Amino acid sequence: MRHQPLRARALLAPAAGLAFAAAFTLGGGTAGASAPAAGVAPASTTVAPAGHHFAAKLTGKATFKAGAVTVTCTVSSSAPGASGTNNSVPAAPNNTNPSGPVSNTINAPTFSSCTASIPGVTAAITTNGTWGVAMQNGSPISATLTIPTGGFVLQTNGLASCTVTAAPTAPANIAGTWTNGAPSKLGFSNASVPVHVVGGFGCPTSSTSSTFTATYDVTDVTDPASQITVTG
């Protein structure tokens, strides 16, 4: 979470012509650093504890919807690696921005234990690259998740074999909110995500966007007794 513009360094089946929607549920809340109203300066933001690593774990389920088809995943997480700065609060003083969001990079979240609501269709999700997240203090606290180009791919097989790629031509910023707590929560609700769909009969190949809903518990890995918080 670095006080500079967020960047990505570092959250389907049958019926021809389906309109595509992805609802990805992370643990209770929504995340996205939205722009302030015209003429209003962004608030000061501090993310703490400075330098601490954090993990995000799905609570409940992640649901991806495409017309009559629902893909549900019950396991998803993003965790820090053995080294590097992904999934860490920036060290002081970079964990504070006097007039805007604080951003950082995260490891691509993984998704597994996914099922489809229509018999004869299976689904799997793969992710790649370095993702980003930015927090902006406010009421509510907003957050923005950045998916790198091609960083999220949903593949269905069976009655409809489709490949849905999020952020197909450029990194995509997904808006949501942050809630301080024990643990804190990061979530997204019906956020728009650009997609490119390829496949045969039953694939919504004309769709260019989807929606994303999700909620994650965010915990302090460096000190489990502490909480990751966003304040002014």
Side-chain angles (χ1 to χ4, degrees), residues 1-4 6-11 24-34 36 42-62 73-111 127 130-147 173-189 191 212-232:
M1 306 173 182
R2 212 173 234 96
H3 66 287
Q4 55 192 19
L6 176 64
R7 59 186 185 237
R9 293 177 300 164
L11 156 246
F24 152 43
T25 309
L26 292 105
T30 7
S34 55
S44 172
T45 302
T46 296
V47 182
H52 282 213
H53 282 82
F54 60 85
K57 183 178 181 180
L58 177 71
T59 187
K61 56 191 177 183
C73 301
T74 58
V75 178
S76 178
S77 64
S78 174
S83 61
T85 59
N86 286 355
N87 291 70
S88 67
V89 177
N94 291 335
N95 67 314
T96 294
N97 185 347
S99 59
V102 172
S103 63
N104 72 290
T105 55
I106 63 173
N107 292 317
T110 59
F111 297 88
T127 57
T130 298
W131 294 38
V133 65
M135 305 302 179
Q136 172 64 64
N137 183 45
S139 182
I141 301 167
S142 61
T144 299
L145 179 71
T146 296
I147 303 175
N173 293 334
I174 314 304
T177 59
W178 175 274
T179 304
N180 290 323
S184 294
K185 295 180 183 294
L186 173 65
F188 305 85
S189 179
F212 176 74
T213 300
T215 304
Y216 282 78
D217 285 344
V218 180
T219 56
D220 190 323
V221 174
T222 302
D223 178 9
S226 298
Q227 305 300 329
I228 305 297
T229 61
V230 179
T231 59

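Since the structure is predicted, the reported quantities are computational estimates derived from the model, not experimental observations.
The side-chain heavy atoms of Pro101 and Met135, taken from C-beta on, include no pair separated by under 4.5 Å. Side-chain contact between Pro49 and Ile228 is present, with heavy atoms from C-beta onward closer than 4.5 Å. Proximity of Pro90 to Val47: side-chain heavy atoms (C-beta onward) are nowhere separated by under 4.5 Å. Considering only heavy atoms from C-beta on, Pro42 comes within 4.5 Å of Gln136 through its side chain. Between Trp178 and Val218, the closest side-chain pair of non-hydrogen atoms falls below 4.5 Å. Using a 4.5 Å heavy-atom threshold, the side chains of Val75 and Phe111 count as separate. Looking at heavy atoms from C-beta onward, Ser99 lies in side-chain contact with Asn97 at the 4.5 angstrom threshold. Between Asn95 and Thr45 there is no side-chain heavy-atom pair separated by less than 4.5 Å.
Between the NZ atom in Lys61 and the OG atom in Ser76 there is a gap of 15.0 Å [rounded to 0.5 Å]. Distance check: Leu186 CG to Asp217 CG gives 10.0 Å after rounding to the nearest 0.5 Å.
Minimum interatomic distance between Ala175 and Ala191 (heavy atoms only, all atoms of both residues): O-CB, 3.5 Å. Of all heavy-atom pairs between Thr219 and Pro183, the closest is CG2-CB, 3.8 Å. Among all heavy-atom pairs drawn from Ser88 and Phe54, the shortest one is N-CE2, 3.4 Å. Between Thr229 and Asn180, the shortest heavy-atom distance links the atoms CA-OD1, 3.2 Å.
Among residues two or more places apart in sequence or in another chain, the side chain to side chain contact (heavy atoms under 4.5 Å, CB included) test is passed with Thr222 by His52, His53, Asp220.
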Would you please test Ser77 and Leu58 for side chain to side chain contact (heavy atoms under 4.5 Å, CB included) and show each step? CA-CA 6 Å; Ser77 64; Leu58 177 71; over 6 Å; no
Side chain to side chain contact (heavy atoms under 4.5 Å, CB included) between Val102 and Thr96: does it pass, once the steps are laid out? CA-CA 7 Å; Val102 172; Thr96 294; 5.6 Å; no
Derivation and outcome, side chain to side chain donor-acceptor pair (under 3.5 Å), residues Thr146 and Asn173: CA-CA 4 Å; Thr146 296; Asn173 293 334; 2.6 Å; yes
Take Val230 and Ile141 through the test side chain to side chain contact (heavy atoms under 4.5 Å, CB included) and record every step on the way to the result. CA-CA 8 Å; Val230 179; Ile141 301 167; 3.7 Å; yes
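Looking at Ser78, its side chain does come within 3.5 Å of a backbone N or O of Asn107 through a donor-acceptor pair. Not one N or O on the side chain of Thr144 forms a donor-acceptor pair closer than 3.5 Å with the backbone of Ala134.
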